[in-house]
Amino acid sequence: MAQSFSESVWVATKKIPRGHLATYQQIARMIHRPRAARAVGNALNKNPYAPLVPCHRVVRSNGTVGGFASGTKNKVALLKKEGILIKAGRVVNLKEYLIKL
DNA sequence: GTCGTGACTAGCC
DNA sequence: CGGCTAGCCACGA
């Protein structure tokens with residue numbers, strides 16, 4: 001499949017199971033670009049699969065939600081709805097929610 | 001074809 | 001512990 005870097009990002013993000021999270025670095029690693037965490041964020045920002053790609057399940061390696069196009073608060077509320085607790089814009093027990101490769 | 005920007009990460013002071 | 005700098009990749013102008 002001649003998928004572009006961005007497309008690979010969206011595909012990898014879509015694979016995130018409900019109730020689980022992934023870091024930008026993790027996504028970058030999935031697509032064989034462990035140094036492209038920045039590009040991952042850039043791709044998700046422009047993702048044409050808006051509601052299809054759970055970009056809200058992608059957070060920073062630090063556990064902070066980071067920034068989101070539709071408003072971080074909106075994403076935080078959505079994550080909470082999936083059973084993920086957010087505290088002060090940060091994911092609680094991030095390690096427990098992280099997906100396994 | 002070159003420059004600048006962005007939802008990042010890791011290292012250094 | 002906190003802030004800043006450098007490196008990374010892709011895309012738009």
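The sequence lines fix the lettering, A, B, ..., with proteins before strands; numbering per chain opens at 1.
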- Query: Reckon Ser6(A) has a side-chain N or O less than 4.0 Å from the OP1 or OP2 of dC11(C)?
  - Reply: yes

Gln25(A) vs dA10(B): side-chain N/O to OP1/OP2 distance below 4.0 Å: yes

Could you tell me how far apart [X] ([atom1]) and [N] ([atom2]) are, to the nearest whole angstrom?
X        : N      : atom1 : atom2 : answer
Ile31(A) : dC8(B) : CD1   : C1'   : 13 Å
Phe5(A)  : dC8(B) : CZ    : P     : 13 Å
Tyr24(A) : dC8(C) : OH    : P     : 21 Å
Gln26(A) : dC8(B) : CD    : C1'   : 14 Å

Any side-chain heavy-atom pair of [X] and [Y] under 4.5 Å:
X        : Y        : value
Val91(A) : Tyr97(A) : yes
Val9(A)  : Leu44(A) : yes
Ser6(A)  : Lys46(A) : no
Leu52(A) : Trp10(A) : no

Under 4.0 angstrom, heavy atoms only, what part of the nucleic acid is Ala39(A) near: base, sugar-phosphate, or nothing? base

Shared ILVMFWY cluster between Leu78(A) and Leu98(A), side chains joined below 4.5 angstrom?
no

Checklist line | Hydrophobic cluster identity match, Ile27(A) and Val11(A), side-chain contacts under 4.5 Å | finding: no

As its Watson-Crick or G-U partner within any shown strand, both distances under 3.5 Å, dC9(C) has dG6(B)

Give a yes or no on whether the backbone of [Y] and the side-chain of [X] come within a donor-acceptor separation of less than 3.5 Å.
X        : Y        : value
Asn93(A) : Glu96(A) : no
Thr23(A) : Gln26(A) : yes
Arg57(A) : Thr13(A) : no

Note: for Arg33(A) and Arg38(A) on DNA chain C, the residue whose nearest nucleotide lies more 5' is Arg38(A)

What residues 72-101 of chain A contributes to the DNA chain C interface at heavy-atom separation below 4.0 Å is none

Residues of residues 42-62 of chain A with a heavy atom under 4.0 Å from any atom of DNA chain C, listed by number, are Asn42(A), Lys46(A)

